[in-house]
Structure formats: C-alpha cells, structure tokens
Amino acid sequence: MTRRAALLFAALGLAWGIPYLLIKIAGEELAPSTLVLARTALAAVVLAPFALARREVREALPALARRWKAVAAYTGFEIVGPWLFLARAEHDLPSSTTAVVISAVPVVGVLVALASRRAEHLGAVGWTGLALGTLGVATLVGFDLQPGQFGAVAELAVVVVGYAIGPAVLARHLGDLPGTAVVLASLVLAALVYVPVVALGPGLPATVPSGQVLASVAVLALVCTAGAFLLLFALVGEIGPVRATAIVYVNPVVAVVAGAVVLGERITATTIAGFALVLAGSYLATRRPASRPDQATPALTVEA
C-alpha cells in the first residue's frame with residue numbers, strides 16, 4: 001500500500017467511523033427526519049459540483065433517468081429507510097452499540113446474495129462466519145441491552161437489511177454506471193422525499209439548534225457523506241475495489257472509541273465479545289479465495 005493509499009484508507013475509516021457519534025449528538029435536538037433531510041440536502045449540494053464536473057457523470061444522467069426504478073429502489077434501501085431508522089435507534093442505544101450491530105451488514109449481505117442465488121458456495125468457512133456474526137449480534141442483544149431497548153434493535157435490523165439489499169440492487173441494475181453519479185442521484189432523491197415528510201411532520205426546529213448540533217450536521221454531511229464517497233472512489237482507484245472492502249473492519253473500531261472518548265459510553269466485556277464475533281464472522285463469511293482477480297466492484301455499505 002502506497003503512502004497515498006494509506007492516508008486515504010485512514011481518512012475513510014475516520015469519515016465512516018464517526019457518523020454514529022455525530023448522529024447521537026444531532027439527535028438530541030433534531031427529529032430523525034429533519035436530520036436526514038439536512039444531511040442529504042447539504043451533501044448533495046456539496047457533491048454536485050465535483051460530480052457534474054466529470055464527463056462520465058454527465059453522460060450517465062440519461063441512463064439514470066431511464067433506470068429511475070432502480071435508482072429509487074437503491075435510494076430507499078440505502079438512504080431513505082436506513083438513515084431514518086438509524087437516527088431513531090440512536091435515541092435509545094449508545095452509538096458504539098449501534099456501530100457494532102451495523103457492522104453485521106456483510107454477514108446479512110451474504111444471506112441476501114444466497115437468497116437471490118447470486119452467491120458462490122460458502123463452504124464450511126463461510127457458514128462458520130455466518131454463525132459467528134449471528135452469535136455476535138445475539139450476544140449484544142441478549143446480554144448488553146435493556147428490555148426497553150429492544151425496539152431500537154428492531155429499527156437497527158431494518159437498517160442492516162436495507163444496507164445489505166442496497167448494494168445488491170446497485171450491482172445488478174446500476175453497476176455499469178459511475179458510482180459518483182448514482183450517489184449524487186440518490187442523495188438528491190432522498191432529500192426530495194424528506195422535504196414533504198419534514199414539512200408535514202416535525203417541521204423545522206422552532207429555534208436555531210446549538211453550535212455542537214450544527215457542527216455535527218455539517219461534518220456528517222460534508223465529511224461523512226459527500227467527502228467520504230469521494231475518498232472511497234479515490235481509494236478504489238488506488239488499491240482496487242476488493243482490497244478497499246477491508247475498511248469495514250476499521251469503521252466500527254473508530255465508532256466504539258469515539259463513543260467512549262467523546263460521550264463517555266461504557267464499553268463492556270459483552271460489547272467487546274460481540275464486536276469480535278461480528279467482525280470475525282464478517283471476515284470469514286465474505287472472504288474470497290486469494291486467487292480471485294481484484295476486479296469486481298465492491299458492495300461497500302459501511303457508512304452510517
């Protein structure tokens with residue numbers, strides 16, 4: 001790995017590791033739907049000039065319009081549903097616990113691929129990974145949570161399933177289009193969806209949110225959304241798509257540390273055990289033979 005690749009990897013790990021902390025902070029004053037609207041709209045405005053400056057993105061716009069159903073499905077599974085339920089769940093769960101549960105997405109992604117008959121034969125190692133990942137989540141739910149938090153866990157289940165299905169939709173129906181174009185279209189569409197949701201629901205805040213909330217939203221949109229996708233595409237260009245998927249093992253570590261340091265969240269032995277089992281399961285379930293060429297586009301859905 002070159003020095004540039006290492007810096008890109010570290011930056012992306014940070015950008016996709018701190019959203020859980022920022023969502024927790026912003027959620028203290030903003031309704032979940034309002035937070036999603038602010039995040040998607042601001043990220044779309046910032047990403048648009050970078051994306052539209054690229055010729056391949058502009059040329060992909062007619063194809064995106066023709067495949068609007070696929071774009072809508074991807075946006076729904078990847079942003080519209082997950083980001084709302086994630087913000088709702090963090091009202092009742094520590095950000096670190098949320099990050100650990102979300103890190104099970106690769107395991108669920110394998111199950112989605114199996115259900116759609118688009119996965120290779122798992123073998124003993126793959127099935128062991130699925131079992132470990134499931135055991136890790138069960139450990140967190142069974143030993144590290146209170147009864148009143150089970151509803152939030154159900155909301156996270158919606159997030160995990162959405163994050164697992166989204167990449168499958170992307171790979172099957174939009175995989176031949178530039179990733180930047182798909183991301184920009186999804187952010188714009190999600191923002192448009194949430195305009196009436198916020199207008200008819202909680203509405204905008206009656207008073208200006210605190211400085212830390214405004215800063216959290218700004219960083220969440222500019223760094224963790226728009227900036228992170230630009231970092232991702234640069235990293236894929238530097239080290240290839242398959243090697244770039246290793247970022248999924250860094251993000252939850254950053255999230256757990258950030259929650260403990262900034263918010264003083266307690267890291268229990270159960271959290272560590274569940275975390276280790278989930279990551280081990282994700283690695284084993286998604287491991288590819290070393291002989292496979294590094295050419296497939298990764299289904300990276302590791303950003304909160």
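For the single chain, residues carry numbers from 1 onward in sequence order.
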Common cluster, [X]/[Y], ILVMFWY with side-chain heavy-atom separation under 4.5 Å:
| X | Y | result |
| --- | --- | --- |
| V183 | V45 | no |
| W68 | I165 | no |
| L187 | F233 | yes |

Nearest 0.5 Å please: distance from the [atom1] atom of [X] over to the [atom2] atom of [Y].
| X | Y | atom1 | atom2 | value |
| --- | --- | --- | --- | --- |
| E238 | T2 | CD | OG1 | 4.0 Å |
| L174 | Y74 | CG | OH | 8.5 Å |
| L21 | L220 | CG | CG | 10.0 Å |
| L14 | I18 | CG | CD1 | 5.0 Å |
| L263 | I25 | CG | CD1 | 5.5 Å |
| L111 | L130 | CG | CG | 5.0 Å |

State, yes or no, whether a side-chain contact exists between [X] and [Y] at a heavy-atom distance under 4.5 Å.
| X | Y | answer |
| --- | --- | --- |
| V80 | Y194 | yes |
| V158 | L84 | no |
| F9 | L235 | yes |
| L30 | V217 | yes |
| V253 | V256 | no |
| L232 | W16 | yes |
| L177 | E56 | no |
| I79 | T40 | yes |

Exercise for review: Please report the C-alpha distance between F229 and T180 in whole Å, then the side-chain angles of each, then the deciding distance to 0.1 Å, and finally whether the side chain to side chain contact (heavy atoms under 4.5 Å, CB included) criterion is met.
Suggested key: CA-CA 8 Å; F229 280 112; T180 310; over 6 Å; no
Look only at the side chain of [X] and the backbone of [Y], and say whether a donor-acceptor pair between them is shorter than 3.5 Å.
| X | Y | result |
| --- | --- | --- |
| S186 | V182 | yes |
| T128 | A124 | yes |
| E29 | S210 | yes |

**Study point:** Partner set under side-chain contact (heavy atoms from CB on, under 4.5 Å) for P252, not counting sequence neighbours
**Key:** S103, F275, L279
**Study point:** Heavy-atom neighbours of R58 CZ exceed 12 at 6.0 Å
**Key:** yes
**Study point:** Heavy-atom neighbours of F50 CZ exceed 12 at 6.0 Å
**Key:** no
Can you name the nearest heavy-atom pair linking [X] to [Y], along with the distance?
| X | Y | answer |
| --- | --- | --- |
| V188 | A44 | CG2-CB, 4.0 Å |
| A152 | D92 | CB-CB, 4.0 Å |
| A43 | A221 | CB-O, 3.6 Å |
| S33 | V198 | O-CG2, 3.5 Å |
| L132 | G281 | CB-CA, 3.9 Å |
| P32 | A87 | CB-CB, 3.8 Å |

**Study point:** Side chains of T271 and T268, donor plus acceptor under 3.5 Å
**Key:** yes
Practice item. Could you verify whether a donor N or O on one side chain and an acceptor N or O on the other, from E90 and S95, lie under 3.5 Å apart? Key: no
Practice item. Any chance you could lay out the side chain to side chain contact (heavy atoms under 4.5 Å, CB included) test for I23 and R39, step after step, and finish with the verdict? Key: CA-CA 10 Å; I23 292 171; R39 179 182 181 182; 4.1 Å; yes
Review point. Can you check side chain to side chain contact (heavy atoms under 4.5 Å, CB included) on V101 and V153, steps first, answer last?
Key: CA-CA 9 Å; V101 174; V153 173; 5.8 Å; no
Practice item. Start with the C-alpha gap between L61 and L52, add the side-chain angles, then the distance that decides, and say whether side chain to side chain contact (heavy atoms under 4.5 Å, CB included) holds. Key: CA-CA 10 Å; L61 295 180; L52 296 177; 4.2 Å; yes
Study note, to complete from the structure: Excluding V208, membership of its hydrophobic cluster (Ile, Leu, Val, Met, Phe, Trp, Tyr; side-chain heavy atoms within less than 4.5 Å) reads L214
Check your understanding: Quick one: are the ring centres of Y163 and W83 less than 6.0 Å apart?
Key -> no
Point to revise | Of R266, E265, K24, the residue whose pairing with S96 passes side-chain hydrogen bond (donor to acceptor under 3.5 Å, both in side chains) | key: E265
Point to revise | E155 and R88: CA distance, side-chain angles, deciding distance, salt bridge (Lys or Arg N to Asp or Glu O under 4.0 Å) verdict | key: CA-CA 8 Å; E155 292 173 330; R88 286 173 55 90; 2.8 Å; yes
